[in-house]
Amino acid sequence: MAKNVSNKTIDNVTIRFAGDSGDGMQLSGGRFTQTSAVVGNDLSTLPDFPAEIRAPAGSLAGVSSFQIHFSSQEIHTPGEKPDVLVAMNPAALKVHLKDLVPGGTLIVNKNAFTKKNLTLAGYEDDPTEDGSLVDYYSTHFIEMGKLVTNACEGIDIPSKMVDRTKNLCALGVLFWMYDRPLEPTIDWLNQKFKSKPDIIEANVRALNAGYNYGDTAEIFTTRYIVEKAKLPKGKYRNMNGTLASCLGILTAAEKSNLGITFAGYPITPASNILHTLSNWKQFGIKTYQAEDEIAGIGAALGASYGGALGITASSGPGIALKSEFLGLAVMTELPLVVINVQRGGPSTGLPTKTEQSDLFQAVYGRNGEAPIPVIAPTTPGDCFFATYEACRLAVKYMTPVMVLSDGYLVNGSEPWLIPDPNKLEDFKVEFARENDDEKFLPYKRDEKTLARNWAIPGTKGLEHRIGGLEKQDITGNVNYDSDNHQKMVEIRAQKVANIANELPKTKIFGEESGDVLILSWGSSHGACRAATETLLSENLKVGHASINWICPLPNDLGEILKKFKKILIPEVNTGQFRQIIRAEFLVDAIGLNEVQGKPLGASKIEEKVKDLING
């Protein structure tokens with residue numbers, strides 16, 4: 001007799017997959033994400049994995065997790081606390097149980113709770129047997145190892161490989177619980193392992209075993225329905241920040257007809273930009289893995305000198321090494337794009353955790369007076385627009401530009417409305433031309449942008465000096481005169497400041513004047529927007545302004561700040577943007593600061609705003 005199952009429609013849910021770094025949690029989370037995108041939910045994800053290449057199996061240091069928040073309404077964050085925790089071993093339970101909401105659903109791989117694994121995780125007793133969990137959570141202890149062993153009987157593959165399919169078993173259970181189709185994952189398996197039919201068969205059987213367990217086991221009595229989200233019309237795809245950045249580079253290449261040379265050195269979490277672009281040779285994009293960070297930016301700057309657009313990427317430690325070449329790019333006034341995917345620091349710091357602590361480094365981190373434009377994307381999809389704009393303005397203003405991304409953005413994903421490239425800002429490129437009637441003046445400038453001429457080496461009549469020594473205005477000759485140096489320093493600064501003249505009007509979400517303005521930059525956008533929505537629903541007079549351009553700041557920002565009694569700046573550092581705003585506008589901005597290797601939570605922002613209003 002079929003069991004009785006009720007269907008319950010809910011607005012949103014947050015699920016966290018957690019297990020050993022070899023348990024395939026990133027794959028399970030990724031497939032659940034892709035399937036939810038196919039269903040049409042709005043979603044936001046937060047992958048989290050250990051810094052160690054391979055920590056000891058079963059250890060607390062080796063726990064990897066993937067969190068997804070999906071909804072029938074527009075959402076902005078990957079969620080704070082999971083409603084559902086999938087724990088594949090005792091270590092995963094130990095690390096993540098504290099975050100599970102009271103009364104939440106706990107799904108545990110019971111076969112992994114061996115004496116050895118319990119000891120590695122620091123448990124004296126088995127929490128799945130001592131009753132410590134059942135009073136606080138809706139618990140489901142599933143023998144996933146046994147399920148996949150039975151499901152894969154008769155397939156000629158090693159037992160160790162059979163055991164590795166248990167992540168698909170867990171995924172199948174979640175697909176049943178949340179009424180997700182199996183076909184997208186099966187199609188993906190067929191494509192991924194098309195030359196290994198036994199591997200396909202084992203994983204498909206494991207997936208079905210988990211789904212059928214949910215369908216038949218008496219412990220599951222409710223299926224949850226999350227309807228399709230009502231998003232603006234258009235064509236969407238699931239997008240992470242890495243791919244979005246790379247598509248921004250590709251679009252810049254296509255719109256400008258410039259050659260692109262990406263030169264870099266592997267560093268977490270920026271390496272995947274190089275990996276992705278290296279597969280796009282058919283688009284004319286050249287990639288070069290240099291021997292170190294310094295060589296990477298040197299090659300990129302050399303490409304720009306040769307008439308291509310040089311691009312490099314790194315994270316904080318690598319950006320520190322690149323700083324001397326950034327100064328050379330400022331002095332030579334050549335276009336260059338540097339993508340800084342921030343991570344926890346200082347030094348090696350937290351290689352796989354996110355942070356916003358390279359802001360001062362981006363704005364000030366060079367010797368001498370060496371200003372460069374800095375743009376910070378706000379969402380994974382916004383990495384496309386920020387990177388495209390960085391490329392466009394680097395060429396238009398003949399300057400290096402830094403894109404200040406972070407690990408949360410490049411690894412996270414969201415539904416992305418594919419833009420019409422014809423509606424992007426025009427990307428015009430003009431090189432200096434041979435002219436026998438007029439002497440070439442390399443530092444003669446455009447009156448509006450102050451950009452100097454871009455001359456391709458080898459062009460007859462366009463020979464000129466290049467290098468790090470100070471240049472004479474207009475001629476470009478080496479010059480040590482004090483008045484000339486003063487003038488050139490001011491011109492280089494004004495050139496960056498001029499970018500503000502073409503920035504769009506700053507948008508305010510919520511009240512345009514009131515008690516508190518929540519001012520965010522970069523990846524703090526999502527938590528601030530979510531908090532603002534909640535506060536507005538409680539009839540509080542708050543607004544939210546999200547800033548992309550850190551240098552220069554928008555021209556209208558000062559007037560916006562004057563319209564609010566208090567300014568709150570949440571950021572994942574100790575208050576760097578707050579210091580910039582206080583110095584620039586002489587306002588008593590208040591910070592909400594955490595450096596815990598993870599994004600800010602909306603609830604803490606809400607609490608802080610209420611304290612400011614009531615205080």
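Keep in mind it's a predicted model, so treat the numbers as computed, not measured.
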Closest heavy-atom contact between [X] and [Y]?
{"X": "A545", "Y": "T506", "answer": "CB-CG2, 4.3 Å"}
{"X": "L43", "Y": "P415", "answer": "O-CD, 3.3 Å"}
{"X": "E333", "Y": "Y443", "answer": "OE2-CE2, 3.3 Å"}
{"X": "V595", "Y": "N573", "answer": "CG1-CA, 3.4 Å"}
{"X": "K255", "Y": "N422", "answer": "NZ-CA, 4.2 Å"}
{"X": "T268", "Y": "S271", "answer": "N-OG, 3.9 Å"}

| query | Taking atom types as modelled and ignoring hydrogens, do the side chains of K495 and T399 form a donor-acceptor contact shorter than 3.5 angstrom? | reply | no
| request: Give the C-alpha distance, both sets of side-chain angles, the deciding distance and a yes or no for side chain to side chain donor-acceptor pair (under 3.5 Å) between Q472 and T475. | output: CA-CA 6 Å; Q472 186 179 45; T475 69; 2.6 Å; yes
| query | Has the side chain of Q356 got a donor or acceptor atom that lies under 3.5 Å from a matching backbone atom of V572? | reply | yes
| Of all residues at least two apart in sequence or in a different chain, which pass the side chain to side chain donor-acceptor pair (under 3.5 Å) check with S304? | none
| message | Tell me every residue that passes side chain to side chain donor-acceptor pair (under 3.5 Å) with K281, counting only those two or more places apart in sequence or in another chain. | response |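 Expected list: none.
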Starting at [atom1] of [X], measure out to [atom2] of [Y] and round the result to the nearest 0.5 Å.
{"X": "I249", "Y": "L277", "atom1": "CD1", "atom2": "CG", "result": "5.0 Å"}
{"X": "K322", "Y": "N340", "atom1": "NZ", "atom2": "CG", "result": "10.0 Å"}
{"X": "F385", "Y": "T387", "atom1": "CZ", "atom2": "OG1", "result": "11.0 Å"}

| query | Is any side-chain heavy atom of R529 closer than 4.5 Å to a side-chain heavy atom of F509? | reply |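 They are in contact (side-chain heavy atoms under 4.5 Å apart), so the answer is yes.
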| query | What residues form a ring pair (Phe, Tyr, Trp, His ring centres under 6.0 Å) with H275, not counting sequence neighbours? | reply | none
